[in-house]
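The next block holds one structure in the form of structure tokens; read it before the comments.
Given the structure is predicted, the values throughout are model-derived calculations rather than measurements.
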Amino acid sequence: MDIIFLGIVIFLFLLAIFDLSVGVSNDAVNFLTSAVGSKAASFRRVMIVASIGVFIGAAMSNGMMDVARHGIFRPENLSFYDVIAIFMAVMVTDIILLDMFNTLGMPTSTTVSMVFELLGATFVVALFKISAPESTLGIGDLMNTEKALSVIVGIFLSVAIAFVFGTIVQFLTRLIFTFEYKSRLKWKVGIFGGAACTSIVYFMLLKGIKDLTIMTPELKEWIDINTGAILIGSFLIFTLIMQVLHWCRINVFKIIVLLGTFSLAMAFAGNDLVNFIGVPLTSLASYQDYMASGGGNLHGYMMESLKGPAETPFYFLIGAGTIMVVSLATSGKARRVTQTTVGLSSKSQGDEMFGSSRIGRSLVRASLNTLALVRAHTPYKLRKWINLRMDSSVTQEENGAAFDLVRGSVNLMLAGMLIAIGTSLKLPLSTTFVTFMVAMGTSLADRAWGRESAVFRITGVISVIGGWFITAGVAFIGAGMVVCLMHMGGVPVMIAGGLIALAMLIRSNIKFRNKGKETQNDTLFQAILASNNPAEVWPLLRVYINEKQRMFLNFAYINFTNVTDGFINDNSKLLSKSEKALITEKDVLKGQRRKLTLCMRRVSPGTAIEKSTWFHLSNNMAMSMTYNLRRINEVCKEHVDNNFLPLPKEFHDSYISLMDSIKSVIKDSEAAIEESNPEHIDTLRRRCNDIKDEISNHTRDIYDLLQKGDTDNMSVAYVYLNLLQESKEFVTSLRKMLRASGKLNLAPSSYRSFSHPENHAPALP
């Protein structure tokens with residue numbers, strides 16, 4: 001049996017390798033966002049700087065997460081079996097939870113997930129121990145709830161403080177430098193650079209360097225005593241250095257951003273990501289202590305040895321640092337999570353990742369009312385001065401950047417300072433919470449959230465914050481359920497749980513890679529927004545619109561088939577499946593319309609005027625076809641769910657023939673749009689007219705039968721009539737979409753020729 005537990009310990013180390021990989025994907029947002037969003041350097045250089053910081057932080061850290069040894073549970077009252085079951089449940093739950101958040105592109109806290117997984121697993125094990133007839137222990141003898149409470153307090157404080165301070169500091173910084181900052185630096189840049197670098201040094205002293213293996217107690221004490229002098233000296237030295245660099249025409253802000261990225265990455269690896277090897281290292285220490293006692297007594301040997309700290313072998317730290325660096329360099333999920341924060345911080349109204357919510361709309365309305373009240377009581381001259389200083393139309397951000405270097409510098413400077421202050425006050429602030437909320441506060445102060453994007457950005461922030469708190473709940477419940485199964489099922493359940501976690505992780509990665517085509521499409525959209533030449537935009541946009549039209553027609557073909565087959569075959573499952581898909585498609589089309597409208601604004605004026613009518617017609621017809629399908633599905637599903645009589649035989653053949661004709665024209669339309677063949681499109685429009693005539697004739701025949709009373713079931717007849725009427729409207733919308741597609745694929749006229757009345761787009765059909 002002892003050899004089996006050695007296998008479990010080894011398996012925990014294997015899971016830790018995956019956990020490190022998943023964790024760096026999630027927490028890359030902490031130190032990459034500001035450098036990537038401000039384009040302080042190429043992505044490759046930013047990754048090199050971050051990787052160096054990650055490796056140094058991991059290799060020089062003590063590598064031991066004390067909370068895994070005695071921060072949550074009381075090891076002296078838990079047996080070897082209890083501890084191994086807790087650790088196995090924590091690792092399995094952590095991998096599934098973090099990978100799920102990364103796949104969704106949502107930042108979450110590795111600290112919170114780990115603490116609450118330990119808390120949930122320990123709570124369930126404590127219940128087992130307390131419920132034993134011979135037990136004299138209480139919940140306080142088995143759990144250390146103070147640590148979890150301090151983490152929760154830290155979460156609330158970090159979210160509120162980071163956002164408020166981010167907004168205030170960025171607003172004051174922008175008033176000093178304005179958006180046209182390059183011509184207003186002079187002596188101010190030296191002072192700002194000195195303050196920024198000093199805050200970063202302060203952050204590194206308290207959060208990044210203090211727990212490194214090279215730090216002796218005497219050196220730590222000296223740093224504590226002389227912190228004030230170190231900071232004053234750093235400020236004076238860095239101010240002088242930055243001013244000299246500015247005189248040498250070196251961009252000081254880029255240096256600040258890269259230095260801040262390095263320090264955050266270093267502290268992050270040394271204090272957060274190394275936590276992932278805390279659980280397997282503690283399990284190894286537990287196994288070694290258990291075997292040193294002679295083994296054999298799984299439930300009787302108590303883990304009192306875990307009450308003290310443990311030294312981590314250096315090769316474990318080197319290995320962890322290597323895994324982190326490789327994961328950071330190769331993970332596509334790291335870029336996705338970073339894009340979430342960059343997208344919410346960006347001024348441009350690009351692809352908004354989050355929709356609108358009632359809370360978001362209410363907050364925007366309340367903010368607008370508050371702003372109007374403040375504006376009414378602010379002197380006119382002060383308002384005018386602030387507006388001149390906050391004029392974002394003259395922004396000087398790097399080419400393709402989401403925000404400028406001033407904001408990127410404030411993000412890193414303020415995040416480092418707040419984390420350092422929280423550490424000095426012994427508050428367990430999460431780097432994820434602080435860096436994200438500072439970025440949201442600075443973007444708000446920079447007026448990056450306009451009237452057209454504010455509700456989406458606020459919804460995104462609420463979604464991310466909600467995700468953090470959901471992390472705690474899911475981690476607690478998930479780990480509790482897993483450890484319950486393991487405690488009752490024994491070693492086989494432990495092994496099965498680990499294998500399930502690995503299988504889910506592999507499946508998630510395969511699914512992520514299979515989204516390559518969608519990613520390429522998003523890349524085309526980003527290329528359109530990044531283009532500064534209107535003449536280049538339309539050819540790219542035409543390809544993008546065609547792709548979206550073909551995707552919709554494929555969707556329409558699948559769901560039209562499901563709806564009609566579900567009705568004729570009394571298949572309620574098919575109709576339910578279509579109902580969900582059609583509801584979702586409405587939001588998809590709204591998102592596409594918003595994205596494509598943003599793209600149309602970048603087209604040259606003549607082309608935009610000429611093509612906008614057909615662009616909107618195409619989108620409207622897609623929405624109309626979706627509504628047609630929903631109305632067909634709703635009536636058919638109600639009929640089938642009530643187990644009413646099926647379609648009579650006299651209608652069956654005509655129904656099959658009509659539906660096959662419609663499905664055929666949908667499929668052919670998809671191919672015609674891909675080919676961009678005007679003659680093929682005209683042929684399909686004529687086929688649509690023929691199908692409409694055929695439906696009209698068949699509808700008259702049914703009305704004649706109803707008037708004569710030749711049908712036995714009126715209910716199914718009226719359902720069938722509704723289906724035919726909506727199908728006719730569906731085909732009409734398809735015909736209009738084909739016309740719009742043909743016009744969109746024609747080469748645009750010049751603005752001069754289009755200005756003549758006879759060249760205007762023809763009236764809509």
Rounded to the nearest 0.5 Å, how far apart are [atom1] of [X] and [atom2] of [Y]?
X      : Y      : atom1 : atom2 : result
Ser624 : Glu729 : OG    : CD    : 7.0 Å
Met625 : Leu589 : CE    : CG    : 10.0 Å
Asp641 : Leu575 : CG    : CG    : 7.5 Å
Ser727 : Tyr655 : OG    : OH    : 7.5 Å
Thr561 : Lys667 : OG1   : NZ    : 8.5 Å
Arg630 : Glu585 : CZ    : CD    : 11.0 Å

Around atom [atom1] of [X], are there more than 12 heavy atoms of other residues, nucleotides or ligands at under 6.0 Å?
X      : atom1 : value
Glu634 : CD    : no
Lys663 : NZ    : yes
Glu675 : CD    : yes
Met481 : CE    : no

Would you mind reporting whether [Y] and [X] have side-chain heavy atoms less than 4.5 Å apart?
X      : Y      : answer
Thr732 : Lys692 : yes
Ile695 : Leu658 : yes
Thr626 : Asn559 : no
Lys590 : Met623 : yes
Cys688 : Leu738 : yes
Tyr557 : Leu553 : no
Leu721 : Tyr703 : yes
Phe651 : Asp701 : no

I need the minimum non-hydrogen distance between [X] and [Y], along with the two atoms involved.
X      : Y      : answer
Asn633 : Ser578 : OD1-CB, 3.6 Å
Gly566 : Val640 : O-CG2, 4.1 Å
Glu117 : Ala479 : O-CB, 3.3 Å
Thr93  : Val482 : OG1-CG2, 3.7 Å
Phe552 : Ala622 : CZ-O, 3.2 Å
Met486 : Ala89  : SD-N, 3.8 Å

Working for side chain to side chain contact (heavy atoms under 4.5 Å, CB included), residues Val665 and Ile691: CA-CA 9 Å; Val665 79; Ile691 292 172; 4.0 Å; yes
Pair Arg685-Ile681, side chain to side chain contact (heavy atoms under 4.5 Å, CB included): steps then yes or no: CA-CA 6 Å; Arg685 292 178 61 207; Ile681 289 176; 4.3 Å; yes
Just checking, is any N or O donor in the side chain of [X] or [Y] under 3.5 Å from an acceptor N or O on the other one?
X      : Y      : value
Glu726 : Asn628 : yes
Arg700 : Asn697 : yes
Arg631 : Asn722 : no
Arg739 : Ser618 : no
Ser696 : Lys728 : yes

Are the side chain of [X] and the backbone of [Y] linked by a donor-acceptor contact shorter than 3.5 Å?
X      : Y      : value
His639 : Leu645 : yes
Ser664 : Asp660 : no
Asn642 : Glu638 : yes
Ser657 : Asp653 : no
Ser443 : Met440 : yes
Asn620 : His616 : yes
Ser576 : Ser572 : yes
Asn571 : Lys573 : yes

Leu647 and Ile568: CA distance, side-chain angles, deciding distance, side chain to side chain contact (heavy atoms under 4.5 Å, CB included) verdict: CA-CA 7 Å; Leu647 192 67; Ile568 196 68; 3.8 Å; yes
Criterion ring pair (Phe, Tyr, Trp, His ring centres under 6.0 Å) on Tyr720 and Phe567, from CA distance to verdict: CA-CA 10 Å; Tyr720 187 35; Phe567 175 61; 7.1 Å; no
Stepwise side chain to side chain contact (heavy atoms under 4.5 Å, CB included) check, Phe560 with Ile662: CA-CA 9 Å; Phe560 189 87; Ile662 295 174; 3.6 Å; yes
